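To start, the structure under review is shown below, and the notes come after it.
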Amino acid sequence: MDTALTPPVHGGPDALGVPLHDFSTNANACGPCPPALAAVRAADCSRYPDPAYTALRAALAQWHGVAPARIVPAASASEFIHRISAHAARSGLRHVQLPAHGYGDYARAAQLWGLQPGAQAQALHWACAPASPLGDDDPALAAWAQQAAPAGALRVLDCAYAPLRLQGVAPALAADAWQLWTPNKALGLTGLRAAYAIAPPGGEAQVAQLQALAPSWPLGADGVALLTAWVQPPVQDWLAQSLPLLRAWKAQQLALCTALGWQVLAGSLANYFCVRPALDAAAAAHALQQLRAAGIKLRDCTSFGLPGVWRLGVLAPPAQQALAQQVQRLR
């Protein structure tokens with residue numbers, strides 16, 4: 001098995017520290033969510049959490065209208081991606097179907113566990129809605145809704161950005177798909193690593209197998225507090241109130257990027273979008289370096305399979321103005 005992996009590429013802080021204006025992540029720019037942050041700060045870190053996460057699983061299950069036995073706590077979305085990829089390989093799957101452009105950990109985990117990319121139906125299938133980096137709905141979901149997965153196949157829908165949908169109606173979810181939820185982006189608390197997955201009906205046996213693959217206490221007290229707060233009315237109310245502001249900021253930022261001469265890629269439904277600057281590869285790389293040195297970070301989409309494209313999370317007008325001023329200085 002070839003396990004030579006390239007280093008992962010992520011947005012956010014890097015060797016230069018925390019960017020002053022960070023367009024490279026998709027976190028809710030209205031955050032951090034005050035009631036969620038208060039709950040995390042009040043977490044009792046002096047003792048272990050319940051290793052079975054009984055109360056947390058019950059709260060999440062009630063929120064989603066499912067049985068607690070279908071809930072799988074996870075240390076993060078990335079941790080669950082690796083864990084379910086391991087489960088797929090252990091279950092006899094040998095292939096993976098990946099989005100045309102998507103989060104790199106899907107492919108990294110598949111490569112690590114020997115899952116080969118291809119169009120085979122009996123595989124681990126990934127989809128994301130809204131997808132990253134383009135912000136559109138994964139076209140695989142329409143096919144999932146029309147036809148059940150083959151016996152033995154696994155479908156996983158990454159719902160990381162579902163709470164940050166700013167346009168359109170969420171596509172119908174396939175009844176046989178897993179759902180992976182990571183509320184930290186929606187709450188502007190990406191430094192807190194906590195996630196959970198929901199098994200499809202009848203998936204309780206796979207839940208037990210996935211739990212057996214996890215280390216003890218994948219979630220600490222802070223993660224438990226975050227996920228418990230996630231389903232509380234004050235947190236959901238704050239999130240709902242943030243969406244109109246994000247829509248307004250997004251409209252301003254789209255207009256700004258057009259004024260800067262960047263081609264805006266259509267189709268984004270979420271709090272981020274992609275642009276194609278009128279620069280060759282060398283000039284684009286140099287511009288990103290100069291912007292980063294000035295405290296502004298954008299996300300190069302080469303690792304998503306989109307060379308020459310940048311992704312921008314929606315930020316508040318002061319950050320947008322700083323971006324515009326710095327781009328003008330570079331010309």
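What you see is a predicted model, and the numbers here were worked out from it, not measured in a lab.
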Do [X] and [Y] share a hydrophobic cluster (ILVMFWY, side-chain heavy atoms under 4.5 Å, transitive)?
X      : Y      : answer
Leu219 : Ile71  : yes
Tyr161 : Tyr103 : no
Leu134 : Leu312 : no
Ile296 : Leu260 : yes
Leu37  : Val231 : yes

- Item | Chi angles and distances behind the side chain to side chain donor-acceptor pair (under 3.5 Å) call for Lys250, Ser268 | CA-CA 10 Å; Lys250 181 179 181 181; Ser268 171; 3.1 Å; yes
- Please check if atom CD in Gln147 has more than 12 non-hydrogen atoms from other residues, nucleotides or ligands closer than 6.0 Å.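 No, not enclosed.
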- Message: Using a 6.0 Å cut-off, check whether atom CZ of Arg90 has over 12 heavy atoms from anything other than its own residue.
- Response: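 Atom CZ in Arg90 is not packed in, count stays at 12 or less.
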- Query: Can Glu204 and Arg70 be said to form a side chain to side chain contact (heavy atoms under 4.5 Å, CB included), step by step?
  - Reply: CA-CA 6 Å; Glu204 290 81 3; Arg70 289 172 55 188; 3.7 Å; yes
- Applying side chain to side chain contact (heavy atoms under 4.5 Å, CB included), run through Trp63 and Leu60 and close with a yes or a no. CA-CA 5 Å; Trp63 171 255; Leu60 295 172; 5.6 Å; no
Give the minimum heavy-atom separation between [X] and [Y], together with the two atoms involved.
X      : Y      : answer
Val156 : Trp144 : O-CH2, 3.6 Å
Leu115 : Ser85  : CD1-O, 4.0 Å
Thr302 : Pro307 : OG1-CA, 3.7 Å
Pro130 : Gly135 : CB-O, 3.5 Å
Pro19  : Lys297 : CG-CB, 3.8 Å
Asp138 : Ala127 : OD2-CA, 3.4 Å

Separation between [atom1] of [X] and [atom2] of [Y], rounded to the nearest 0.5 Å:
X      : Y      : atom1 : atom2 : answer
Cys128 : Asp158 : SG    : CG    : 4.0 Å
Trp310 : Leu288 : CH2   : CG    : 4.5 Å
Ile84  : Leu180 : CD1   : CG    : 8.5 Å
Leu239 : Asn28  : CG    : CG    : 6.5 Å
Leu315 : Trp249 : CG    : CH2   : 8.5 Å
Arg276 : Gln263 : CZ    : CD    : 6.0 Å

- Report the C-alpha separation of Leu154 and Trp178 in whole Å, then their side-chain angles, then the decisive distance to 0.1 Å, and conclude whether the side chain to side chain contact (heavy atoms under 4.5 Å, CB included) test is met. CA-CA 8 Å; Leu154 283 172; Trp178 285 75; 3.8 Å; yes
- Item | Val40: which of Asp222, Thr228, Leu187 passes side-chain contact (heavy atoms from CB on, under 4.5 Å) |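 Only one option passes, and that is Asp222.
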Answer yes or no: is there a side-chain heavy-atom contact under 4.5 Å between [X] and [Y]?
X      : Y      : result
Leu157 : Cys159 : yes
Trp230 : Cys33  : no
Val9   : Phe304 : no
Gln326 : Leu291 : yes
Phe23  : Tyr272 : no
Val96  : Trp113 : no
Val275 : Leu298 : no
Pro183 : Leu227 : yes

- Can we call the ring centroids of Tyr106 and His82 under 6.0 Å apart?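 No, the ring centres sit 6.0 Å or more apart.
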Without swapping roles, check the side chain of [X] against the backbone of [Y] for a donor-acceptor pair under 3.5 Å.
X      : Y      : value
Thr54  : Asp50  : no
Asp136 : Gly267 : no
Arg155 : Trp126 : no
Gln179 : Ile198 : no
Gln253 : Gly313 : yes
Thr25  : Gly12  : no
Arg193 : Ser76  : no

- Start with the C-alpha gap between His87 and Gln206, add the side-chain angles, then the distance that decides, and say whether side chain to side chain contact (heavy atoms under 4.5 Å, CB included) holds. CA-CA 9 Å; His87 169 65; Gln206 291 190 61; 3.2 Å; yes
- Message: Using the rule given for side chain to side chain donor-acceptor pair (under 3.5 Å), can you reason through Asn184 versus Thr190, listing the C-alpha separation, both sets of side-chain angles and the distance that settles it, and then say yes or no?
- Response: CA-CA 5 Å; Asn184 57 358; Thr190 53; over 6 Å; no
- Task: On the 0 to 90° scale, with breaks at 30° and 60°, tag the Trp217-Tyr48 ring pair as parallel, tilted or perpendicular.
- Result: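 Answer is parallel, since the angle falls under 30°.
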- Would you call the rings of Trp181 and Tyr196 parallel, tilted or perpendicular if under 30° counts as parallel and over 60° as perpendicular?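 Geometry flag for Tyr196 against Trp181: parallel rings.
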- Among side-chain atoms of Arg311 and Ser132, is any donor-acceptor pair under 3.5 angstrom?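 There is such a pair between these side chains.
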- Task: May I ask you to check whether Asn271 and Arg247 show a side-chain donor-acceptor distance below 3.5 Å?
- Result: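 Arg247 and Asn271 do not have a side-chain donor-acceptor pair below 3.5 Å.
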- Query: So does Arg292 pair up with Asp14, basic N to acidic O under 4.0 Å?
  - Reply: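 Looking at Asp14 together with Arg292, the answer is yes, because their closest N to O distance falls below 4.0 Å.
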- Cationic N near anionic O, under 4.0 Å, Asp22 to Arg299: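 Between Arg299 and Asp22 there is no salt bridge, as every charged N stays at least 4.0 Å from the carboxylate O atoms.
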